[in-house]
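Proteins come first, then strands; the chains are lettered A, B, ... in the order of their sequence lines, and each starts at number 1.
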Amino acid sequence: MDDLRYMEMPVDQDTKISASNVQIYYGDNQAIKDVNVEIADKTVTAFIGPSGCGKSTFLRCLNRMNDTIDICRVEGTIKIDGDDIYDNAVDPVQLRAKVGMVFQKPNPFPKSIYDNVAYGPKVHGLAKSKADLDVIVEKALRRGAIWDEVKDRLHAPGTGLSGGQQQRLCIARAVATEPEVLLMDEPCSALDPIATAQVEELIDELRQSYSLVIVTHSMQQAARVSQRTAFFHLGNLVEFGDTSQIFTNPQDSRTESYITGRIG
Amino acid sequence: MTDASNAAPLREKKSLLVVDARTKKRNAAEARFKMYGIIAITLGLLFLAVLLTTIISRGTGAFTQTFISVPVELREDKLDKKGNRNLEDIKKVSTFGYNPLLGDALSAVIAEGGFTTEITKSKELRKLLSSSAVGQMRAYVIENTDQIGQTVTFDFFASSRVDGYIKGRVTREDLARDKNLSAEHLDLVDQMIEAGVVRKKFNPSFIFGADASESRPEQAGLGVSMLGSLFMMLVVLFLALPIGVAASIYLEEFAPKNRLTDLIEVNISNLAAVPSIVFGILGLAFFIQFCGGYLGIAAMKASAPLVGGLVLTLMTLPTIIISTRAALKAVPPSIRDAALGVGASKMQTVFHHVLPLAAPGILTGTIIGLAQALGETAPLLLIGMVGYIASNYPDSVLSGFTDPNSAMPAQIFEWAKRADPAFYERAWGGIIILLVFLMTMNIIAILLRRRFERRW
Ligand SMILES: Nc1ncnc2c1ncn2[C@@H]1O[C@H](COP(=O)(O)OP(=O)(O)OP(=O)(O)O)[C@@H](O)[C@H]1O
Ligand SMILES: [Mg+2]
């Protein structure tokens with residue numbers, strides 16, 4: 001485990017998202033139980049835990065993607081920069097512009113690479129002119145570390161790229177709208193080791209400007225890219241702390257069994 | 001690890017080259033099942049072949065018609081006594097006034113061709129021709145007054161009996177009890193065929209003409225009711241498509257899932273199965289009696305394609321809604337997530353991403369719904385869109401919607417119902433035209449689907 005980077009960088013940042021007493025239900029079934037968590041700015045926070053423990057559920061509540069599921073109900077408060085995102089005055093559309101999301105399966109629109117990236121800025125009116133838009137698209141694709149591979153075929157369909165390229169395109173699409181928080185749900189689970197390494201490198205760069213939350217099943221990945229780690233188990237947030245501490249000196253026995261591979 | 005590994009193995013070791021009894025049995029079952037499938041498909045194809053050959057063998061006759069070419073002297077002393085070519089005076093001569101001209105002309109044809117016949121009376125001679133002949137002459141004279149005094153050769157429809165004789169439908173024996181034609185006439189017809197005066201040729205007026213009265217099957221055509229169908233389809237397209245698509249989008253993408261929407265959903269599915277005649281009587285009660293009668297909306301009257309279109313819209317809506325919802329459901333949720341994830345609103349998500357991807361399915365559903373509506377007969381009978389309603393093309397697009405008209409399938413039904421077997425042939429011919437339309441629409445649906453199909 002010597003590729004772990006957890007010794008670097010003590011975390012001391014402003015709080016970006018703070019969740020307190022969050023309960024999430026699917027109908028009568030409680031998926032998240034009383035979770036309190038503070039997610040720092042300019043930091044990568046990893047959510048780990050066994051399958052079905054509610055990581056995706058919690059992540060999707062941070063930009064209210066769960067609104068689309070009728071039976072999903074959220075209690076407690078989640079604040080971003082001090083604003084309660086479940087307040088009636090909050091328009092989820094505005095929220096999602098601020099809190100972008102990358103999904104587990106690469107899901108480019110069946111449109112050109114250019115249109116994929118340009119769509120968000122167009123919807124939010126970020127570009128005054130075509131030239132503006134070109135600049136935004138190029139910048140986003142560069143940040144997505146995919147510019148060199150696609151600059152000659154911007155008008156080819158995005159669905160024609162390889163899986164890893166598609167995922168980086170989706171990341172570029174997410175950063176094109178200039179979000180402040182980027183949520184990633186197992187962004188590398190469909191990727192090979194090389195593409196995974198590229199995406200991880202990208203995540204590390206994006207940390208300079210965003211607050212990132214990443215769900216992952218790979219302990220190594222959590223250790224490599226994150227500064228803070230949250231361990232979920234059966235809907236509970238069991239332990240939350242600096243990645244280095246979670247991996248070297250877990251306080252809870254469940255955390256320890258999980259990271260050493262005894263429960264999963 | 002477990003007990004199983006210590007117990008005797010469940011499968012004996014055997015060479016792969018020997019097929020065991022159980023495998024044999026399974027393979028036999030599979031072969032039998034394949035055979036059932038092949039038998040089913042063969043039967044289906046057989047029925048289709050029988051259907052098509054019947055339709056084609058019986059219907060193609062309707063596209064040809066027997067014509068008799070007769071040079072007629074348009075005598076001035078009969079048609080324009082005053083001789084000043086005043087249109088009003090010429091119009092005063094009714095079709096009766098043309099009868100003697102026609103009789104004389106036929107006598108002349110016989111004399112000239114050297115045909116031998118016992119028939120001499122003008123009235124008897126005219127039985128060879130369709131009773132539309134005098135009308136055709138009169139219309140020609142009114143159009144071309146300068147031709148009065150000249151001899152003009154007309155191609156008249158032969159009467160339906162003569163036509164039937166030439167097509168083999170009517171025999172001499174049949175005529176024994178028929179007062180419309182006698183065997184004498186047929187002898188004359190034989191000679192006329194020889195001389196080339198009587199010919200069977202392609203008859204465009206079957207496709208483009210209007211229906212005719214019961215006594216003139218030779219003159220009846222499908223054209224005007226085709227137009228009635230066209231106007232109805234326009235109404236259906238412009239009402240059912242937007243309403244259906246809007247309803248489906250709302251139900252599929254926006255509506256909360258609760259009792260009420262469940263109820264609506266079940267009802268839409270049920271509506272698709274409601275017999276079309278129910279929609280017909282609804283149209284009669286609501287559109288014609290209530291809107292047209294009680295509220296006094298003039299356009300809503302019996303036999304108007306507008307009303308027919310409205311009734312068919314009601315009928316087509318469930319089909320369009322069901323297929324549109326299926327098309328929307330087929331769009332992967334990941335696309336919606338992607339759009340919502342970059343901060344598109346729900347409506348933007350639907351209109352920018354979901355709808356374009358669902359378009360081929362929606363179009364296919366719409367065309368199939370239209371094709372269904374085009375072939376629908378029962379509701380039209382109830383709102384009075386039956387045969388011999390319109391004898392002319394509508395004067396304008398607007399009156400196309402409101403003037404009484406029939407529709408293709410209703411016209412076919414009307415022909416099949418009439419007593420004269422000559423109409424029976426036309427019913428089959430009409431079915432060929434209807435099938436050509438339906439096939440064209442289905443081919444368009446297939447092409448559209450191919451054209452827009454996209455992978456994601
Ligand atoms: N749309 C839904 N409707 C009902 N229950 C759901 C729904 N989505 C998730 N759940 C339930 O919520 C619980 C948490 O699911 P979630 O997807 O958040 O798990 P996860 O930690 O992301 O798992 P994985 O690592 O396998 O992705 C599970 O018990 C799941 O069955
Ligand atoms: Mg998950």
Value for NE2 (His352(B)) from NZ (Lys122(A)), rounded to nearest 0.5 Å, stands at 9.0 Å

Heaviest contributor of heavy-atom pairs below 4.5 Å to chain A, chosen from Pro333(B), Ala338(B), Ala339(B), is Ala338(B)

_Please determine whether the number of non-hydrogen atoms from other residues, nucleotides or ligands lying under 6.0 Å from atom OH of Tyr25(A) exceeds 12._
yes

Does some side-chain heavy atom of Val342(B) sit less than 4.5 Å from a side-chain heavy atom of Arg96(A)?
no

Does a sphere of radius 6.0 Å around CZ in Phe254(B) hold more than 12 heavy atoms from other residues, nucleotides or ligands, not counting ones at 6.0 Å or beyond? yes

Ranked by heavy-atom pairs below 4.5 Å to chain B, first place among Met101(A), Arg173(A), Lys98(A) goes to Arg173(A)

* Taking atom NZ of Lys130(A) as the centre, does the number of heavy atoms from other residues, nucleotides or ligands within less than 6.0 Å exceed 12? -> yes

Problem - Neighbour count >12 (heavy atoms, 6.0 Å) for atom CD, Glu201(A) - result: no

Note to self: Take a 6.0 Å sphere around CD of Glu30(B) and say whether it holds more than 12 heavy atoms from other residues, nucleotides or ligands.
What the structure shows: no

On a heavy-atom basis, the closest approach of Leu357(B) and Pro110(A) is CD2-CG, 3.5 Å

Problem set entry | Pro332(B) vs Asn107(A) side-chain heavy atoms within contact, under 4.5 Å | no

Listed by number, the residues in residues 266-275 of chain B that come under 4.5 Å of chain A (heavy atom to heavy atom) are none

Under 4.5 Å between any side-chain heavy atoms of Arg60(A) and Asp337(B), yes or no? yes

Under 3.5 Å, is there a donor-acceptor pair between the side chain of His124(A) and the main chain of Ala344(B)? no

Mark yes when over 12 heavy atoms from residues, nucleotides or ligands other than Lys346(B) sit less than 6.0 Å from its NZ; otherwise mark no. yes

Would you please test Arg336(B) and Thr68(A) for side-chain contact (heavy atoms from CB on, under 4.5 Å) and show each step? CA-CA 10 Å; Arg336(B) 293 184 181 82; Thr68(A) 57; over 6 Å; no

| Are there more than 12 heavy atoms of other residues, nucleotides or ligands under 6.0 Å from atom CD1 of Ile281(B)? | no

- Query: Is the Phe109(A) ring parallel, tilted or perpendicular to the His353(B) ring (thresholds 30°, 60°)?
  - Reply: parallel

